[in-house]
Amino acid sequence: MPASAATQPSDVPRGAAFPFDFTVSVDTAIFPSEVVLRTCYAFSDRCHCWLESEEGARILVGFRLKAPSADPDAIRGEFGNALIDFGLRASIEEKTRAVREAIVSAALTEASAPAPVKR
């Protein structure tokens, strides 16, 4: 039987490459997919993450802990806090985009102006 057709535990998304220690379902109406990706990347030193879309605008994140001594409940809680952190950062980035672009534009304009000629 091909590896992709192997029977897997019920908490393993279809198509997953390996069984998980736990999963978290994330509502993309609250946390956009980019925020979920950034959060998963931040956890890549501690976990292997597998993402799969679910029905109803959700992403299922499967976690495989790298350290056998890691506490799944602690990782799950930290992941939730990191989602909030990255979600807030994305919101602030979006709200301040125009100001940052104006500052960069002004700095580049000033830097590209010809130097005054000394007499």
Worksheet item: Step by step, would you call V61 with T23 a side-chain contact (heavy atoms from CB on, under 4.5 Å)?
Response: CA-CA 5 Å; V61 183; T23 60; over 6 Å; no
Connected to V99, directly or through other members, by ILVMFWY side-chain contacts below 4.5 Å are I103
Identify every side-chain donor-acceptor pair in residues 69-76 under 3.5 Å, counting partners at least two apart or on other chains, and give the distances.
{"from": "D71", "atom 1": "OD1", "to": "D73", "atom 2": "N", "distance (Å)": "3.2"}
{"from": "D73", "atom 1": "OD1", "to": "R76", "atom 2": "NH1", "distance (Å)": "2.8"}

By side chain to side chain contact (heavy atoms under 4.5 Å, CB included), D27 pairs with (sequence neighbours left out) A29, I30, R58
Given the rule in the side-chain contact (heavy atoms from CB on, under 4.5 Å) test, do F31 and I59 qualify, once you have shown the distances and angles that lead to the verdict?
CA-CA 10 Å; F31 302 108; I59 295 175; over 6 Å; no
Measuring from atom [atom1] of [X] to atom [atom2] of [Y], what distance do you get when rounded to the nearest 0.5 angstrom?
X: E78; Y: L83; atom1: CD; atom2: CG; value: 12.5 Å
X: S25; Y: E55; atom1: OG; atom2: CD; value: 11.0 Å
X: S91; Y: I84; atom1: OG; atom2: CD1; value: 13.0 Å

Discussion item. Just so I know, are the side chains of P19 and R64 near enough to count as touching, which here means a heavy-atom distance under 4.5 Å?
Written reply: yes
Q) Do L88 and V35 share a hydrophobic cluster, counting only Ile, Leu, Val, Met, Phe, Trp and Tyr and linking them when any side-chain heavy atoms are less than 4.5 Å apart? A) no
Do the two ring centres, one from F22 and one from F63, sit under 6.0 Å apart? yes
> Sub-3.5 Å donor-acceptor pair from the side chain of K95 to the main-chain atoms of A90, do we have one?
Replying inline: no
Given 3.5 Å as the limit, does a donor-acceptor pair link the side chain of S44 with the main chain of Y41, or not? yes
ring-ring contact (aromatic ring centres under 6.0 Å, His included) filter on F43, not counting sequence neighbours, yields F79
Sorted by chain and residue number, the salt bridge (Lys or Arg N to Asp or Glu O under 4.0 Å) partners of R97 (sequence neighbours excluded) come out as E93, E94
Heavy-atom nearest pair, L65 first then D21, reads N-OD2, 2.6 Å
For D85, the side-chain hydrogen bond (donor to acceptor under 3.5 Å, both in side chains) test, sequence neighbours excluded, returns R89
(message) With a 6.0 Å cut-off (strictly less than), is the heavy-atom count around CD of E54, excluding the residue itself, greater than 12?
(response) yes
